[in-house]
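Here the structure is laid out as structure tokens; the discussion comes afterwards.
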Amino acid sequence: MIKVVLPDGLEKTYRERTTVGEVAEDLGGPFKKKALAGKTNGTLVDLSFPLTRDTSLSVITEDSPEALEILRHSTAHIMAQAVCRLFPGAKLGIGPTIENGFYYDFHLERPLTEEDLANIEAEMRKIIKEDISFSRKTLSRNEAIKKMEVERQPYKMELISDIAEGEEVSFYTQGEFLDLCRGPHIPSSGRAPAFKLLSVAGAYWRGKETNPMLQRIYGTAFFRQQELDKYLKLLEEAKRRDHRHLGKELDLYSIKDDVGAGLVLWHPKGARIRNIIERFWCDEHYKRGYQVVYSPHIAKSGLWHTSGHWGFYRESMFSPFEVETAEYLVKPMNCPFHILIFKSEMRSYRDLPLRFAELGTVYRYERSGVLHGLLRVRGFTQDDAHIFCTPEQLEEEIVGVIDLAKYMLTSFGFKEYEIELAVRGRGEKEKYIGTDETWTMAEQALRRALEIKDLPYYVGEGEAKFYGPSIDIKVKDALGRGWQGPTIQVDFNLPERFDVHYRGPDGKDHRVVMVHRTVLGAMERFLGTLIEHYGGDFPLWLAPVQVRLLPVSEATNDYAHTVKKKLEGHGLRAECDDTNQRVGYKIRQGTLEKVPYLLIVGGKEMENGLVSVRTRKNGDEGQCTVDKLLERLEREINEKV
RNA sequence: GCUAGCGUAGCUCAAUGGCAGAGCAGCUGACUUGUAAUCAGCAGGUUGUGGGUUCAAAUCCCGCCGCUAGCUCCA
């Protein structure tokens, strides 16, 4: 007999080799019907797993946090089975679960089409209807390789050959389908009620560019159709908010073939938003002791040799060009310039910290396949700054940056974020530049700064760049999607390369501590995420047009213009639609352009000095005096909502 | 860069080897308008680009440019 301890502390005894499924059955209630898998001593196992010794056990049901992953993995297997039925001779790659679903990679004789996806889905439905059970078996490593040779699965053979000699290898079968897999799985295919195949794309075998490219099918699965529908709706909503469509519809920017891929033209309205953000950015930086600087777009090659960019960043830089026998490069980063500004005079410890900030436009060669709207471009303006300080000042400086970053994110409506502290990996010291002491000092300073601000974070071991540790903040937008946000990066490399130092109280020169930091990232990328975050409904303080007057007929055009002038006098961005159109048309136009406030003015308003307010949020709100409205607008602008 | 798909008027799309079309936007005129599209007329094109096949190419083939979904790489 064996003892089984359940999560609620209950102890039960069973005879040996009782399976998890039988325990679930015995427990009855929801477990009987909803059991999918089990967890013994922290390891996930199938319902058919026989218990052979005393153990803790929790039964995984559809409501358990681990359940979706199991379901999706099993659905991936069902998809693979369907593909093998429809494409005999298909070679299997890997088929893991991912954040919102799963994928499976195949080598097939011909490229897949949309129609194929529909056929595969249909075959999957058949398999689900057949309710085939998943069963596990184990083979020795060598037997497994032989088995895969017989099955003509070269990729699987490669995977198994990476497993240590003498290890056991587990397989799962559903009917005629066999797959190398760690498991666990749902008990049978009938337990996969709701799934959808989403897309096909190429993917290199094992993610290596030199390997053959397989065809990857993406899909997702849920326990309830309702949840699947909800997820598909979310995808649609994301599509609706796509900054590339909204950017065009709202006339914010364009990217023209004639100019070049990845190079952005900012139209007046997009430029307006950008300008508001940049002014806000500048003000905030001056307030916090930064000094704004400017640097050129090009510099002699020698500078980039000194900085090391030519050595390790060359493939991201535009080709050199010659001017009067000297060779120049377009800048991919701003740091060398800020360093030269720092070095333009002798710096004392009394001068530190020095904080140089710049909205610096840089150019990077990005491979054509990675360009994407505003989010991945070849020319962009970083909201860059470099802090030069002493080791003792580092912690306080980091705290200052975190405060600024938080303030910025809050101002733009980002409420949730994740913070990673990227530190050295253990036991690979040769990968990193700088001494042990400096690394420890910097990592400590970053960690303490986070603790002082009482911010939750996780440590990314081995995630640090070779030149120093960093804090990376991922923000979540209105749809819960993650975006790269502020980064704070300590650098031990450039101060060495440029011999950046300050004169200390001891009369000697000391190596400066340098911090690169950005709070928005790049204006292009930030605007792109902001468009999607707000879905184009920019809050009043950012809206390129805040108010539009809509005179009902020609008779009230003059009155509308008077009101417009008054609003403009208070710094508001107002327009007047005095076209020869009906009000309905003007309203529709204003609504599509997402103008936050539409003010309808006809005879009734003109007589009493009023406006009829129609907001983007609530629609028709009725009449109001211009002064009352001004008060409301000013409040809303200040609140940045 | 790689794999697959795509590129037609400013925008959204139709025409699949046989005269390149519609709606919206634009322009002109009429209507003087009250909370999401007033009516009529006009104009708009070397079908991304260069080559090829064909009596005939938006349509079939090849190169280049660009876009999309991913892969690889990143603000």
Side-chain angles (χ1 to χ4, degrees), chain A residues 98 103 105 107-108 110-114 116 198-218 239 242 244-245 248-249 251 254-262 313 315-316 332-334 360-384 465 472 483-487 489 516 518-526 528-529 550-557 579-593 598-605 612-616 619-623:
Chain A
I98 48 175
Y103 67 78
D105 288 345
H107 174 88
L108 303 170
R110 63 166 180 86
L112 288 168
T113 63
E114 286 291 315
D116 290 325
L198 298 169
S199 61
V200 194
Y204 299 110
W205 167 239
R206 301 190 127 184
K208 270 186 77 172
E209 241 176 319
T210 46
N211 281 344
M213 191 167 262
L214 306 178
Q215 297 192 65
R216 175 173 297 177
I217 305 178
Y218 284 93
K239 214 170 170 186
D242 192 316
R244 290 165 301 179
H245 296 130
K248 197 177 274 176
E249 277 165 27
D251 195 20
S254 63
I255 296 174
K256 295 256 182 272
D257 195 9
D258 311 338
V259 180
Y313 206 68
E315 78 269 18
S316 297
M333 292 190 192
N334 305 301
T361 304
V362 299
Y363 295 86
R364 298 183 188 172
Y365 166 71
E366 298 281 356
R367 295 154 114 200
S368 57
V370 306
L371 299 173
H372 182 92
L374 290 177
L375 300 180
R376 197 74 184 272
V377 291
R378 284 182 175 156
F380 56 97
T381 302
Q382 290 184 304
D383 79 297
D384 212 357
K465 299 261 167 63
D472 297 296
W483 305 86
Q484 181 56 57
T487 62
Q489 174 80 56
H516 309 249
T518 165
V519 292
L520 306 178
M523 297 313 295
E524 285 73 8
R525 183 176 280 185
F526 188 70
T529 68
L550 311 183
V552 168
S553 78
E554 254 172 47
T556 48
N557 278 357
T579 55
N580 193 1
Q581 277 293 359
R582 285 162 215 280
V583 183
Y585 182 88
K586 295 181 184 183
I587 287 171
R588 180 178 155 80
Q589 218 52 35
T591 308
L592 292 177
E593 289 174 42
L598 298 175
L599 305 180
I600 292 110
V601 290
K604 285 177 265 174
E605 286 79 11
S612 272
V613 179
R614 187 186 170 96
T615 63
R616 188 176 57 193
D620 190 0
E621 291 189 12
Q623 295 178 335

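Just so it is clear, the model here is predicted, and its values are computed rather than measured.
- The base of rA75(B) does not come close enough to the side chain of Gln489(A) for any donor and acceptor atom to sit less than 3.5 Å apart.
- Among the protein residues, Gly590(A) comes within range of no part of the nucleic acid, since none of its heavy atoms lies under 4.0 Å from any strand.
- Checked by distance alone, Arg206(A) brings no side-chain donor or acceptor within 3.5 Å of a matching partner on the base of rC71(B).
- For Tyr218(A), taking side-chain heavy atoms from C-beta onward, the closest of the listed nucleotides rU32(B), rC71(B), rG34(B) is rC71(B).
- rA43(B) sits 15 Å from rG21(B) when the C1' atoms are compared, rounded to a whole Å.
- A gap of 22 Å separates the C1' atoms of rA9(B) and rU68(B), to the nearest Å.
- Among the heavy atoms of the strands lying under 4.0 Å from Val552(A) is at least one base atom, whether or not backbone atoms are also near.
- Here, rG23(B) and rG44(B) have their C1' atoms 14 Å apart, quoted to the whole Å.
- Put simply, Lys465(A) has a side-chain N or O that comes within less than 4.0 Å of OP1 or OP2 on rA75(B).
- The same atom, C1', is picked in rA25(B) and in rC11(B); the two are 7 Å apart, to the nearest Å.
- Across all strands, Lys604(A) comes closer than 4.0 Å to base atoms (heavy-atom distances).
- Donor-acceptor pairing under 3.5 Å, judged by distance alone, is absent between the side chain of Glu366(A) and the base of rG1(B).
- In terms of phosphate contacts, Arg244(A) brings a side-chain nitrogen or oxygen within less than 4.0 Å of OP1 or OP2 of rU68(B).
- If you check every strand for non-hydrogen atoms under 4.0 Å, Glu554(A) touches a base.
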Contact pattern, 5' to 3', of nucleotides 2-7 of chain B - B, S or - by protein heavy atom under 4.0 Å: BBS---

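- Salt-bridge annotation for Asp258(A) and Lys256(A): absent, with no side-chain N of the basic residue lying under 4.0 Å from a carboxylate O of the acidic one.
- For the residue pair Thr487(A) and Thr518(A), no side-chain donor N or O sits within less than 3.5 Å of a side-chain acceptor on the partner.
- Thr518(A) comes within 4.0 angstrom of no nucleic acid atom, judged by non-hydrogen atoms across all strands.
- Arg525(A) comes within contact range of at least one nucleobase, with a heavy-atom separation under 4.0 Å.
- Residue Gln581(A) has a polar side-chain atom (N or O) positioned under 4.0 Å from OP1 or OP2 of rU38(B).
- For the OP1/OP2 pair of rC74(B) and a distance below 4.0 Å, the side-chain nitrogens and oxygens of His372(A) include no atom meeting the criterion.
- Contact check for Ile600(A) versus Ile587(A): side-chain heavy atoms found under the 4.5 Å cut-off.
- Of the nucleotides present, none pairs with rU16(B) by Watson-Crick or G-U wobble criteria with both distances under 3.5 Å.
- The NE2 atom of His372(A) lies 10.0 Å from the CD1 atom of Ile255(A); values are rounded to the nearest 0.5 Å.
- rG70(B) and rC2(B) make up a base pair, with Watson-Crick or G-U wobble contacts both under 3.5 Å.
- Within 4.0 Å of Gly584(A), counting heavy atoms only, lie sugar-phosphate atoms of the nucleic acid but no base atom.
- Counting non-hydrogen atoms under 4.0 angstrom, Glu605(A) reaches a base of the nucleic acid.
- In the set rU32(B), rG1(B), rA75(B), the nucleotide with an atom closest to the side chain of Ser553(A) is rU32(B).
- Contacts of Thr113(A) with the nucleic acid, taken as non-hydrogen atoms under 4.0 Å apart, are absent.
- Below the 3.5 angstrom threshold, one finds no donor paired with an acceptor across the side chain of Arg582(A) and the base of rC39(B).
- Counting non-hydrogen atoms under 4.0 angstrom, Val362(A) reaches nothing in the nucleic acid.
- Spacing between rC19(B) and rG26(B) at atom C1', rounded to whole Å, works out to 27 Å.
- Pairing for rC60(B) goes to rG52(B), judged as Watson-Crick or G-U wobble with the two contacts each under 3.5 Å.
- Each of rA69(B), rU35(B), rC67(B) was ranked by its minimum atom distance to the side chain of Ala261(A); first place goes to rC67(B).
- The partner of rA43(B) cannot be assigned: no Watson-Crick or G-U wobble pair with both contacts below 3.5 Å exists in any strand.
- Checked against rA36(B), rA75(B), rU35(B), the side chain of Leu592(A) finds its nearest nucleotide in rA36(B).
- rG23(B): Watson-Crick or G-U partner is rC11(B), with both key distances under 3.5 Å.
- Nearest nucleotide to the side chain of Arg376(A), out of rA25(B), rA75(B), rG34(B): rA75(B).
- Of all the heavy atoms in Leu375(A) and Arg525(A), the pair that sits closest is O-NE, 2.9 Å.
- Close to rU32(B), at under 4.0 Å from its OP1 or OP2, lies no side-chain N or O of Tyr585(A).
- Within the nucleic acid shown, Ile255(A) has no heavy atom closer than 4.0 Å to any nucleic acid atom.
- Side-chain contact check for Gln623(A) versus Lys604(A): some heavy-atom pair is nearer than 4.5 Å.
- Residue contacts shown for Glu249(A) are absent, as no nucleic acid heavy atom lies under 4.0 Å away.
- Stacking here means ring centres nearer than 5.5 Å and ring planes tilted less than 30 degrees, and by that measure Phe380(A) stacks onto rA75(B).
- Remark: the separation of the C1' atoms in rC73(B) and rA14(B) is 40 Å, to the nearest Å.
- The existence of a salt bridge linking Arg364(A) and Glu524(A) is excluded, since no basic side-chain nitrogen approaches an acidic carboxylate oxygen closer than 4.0 Å.
- Nearest heavy-atom pair, Arg376(A) versus Val370(A), reported as atom, atom and distance to 0.1 Å: CG-O, 3.2 Å.
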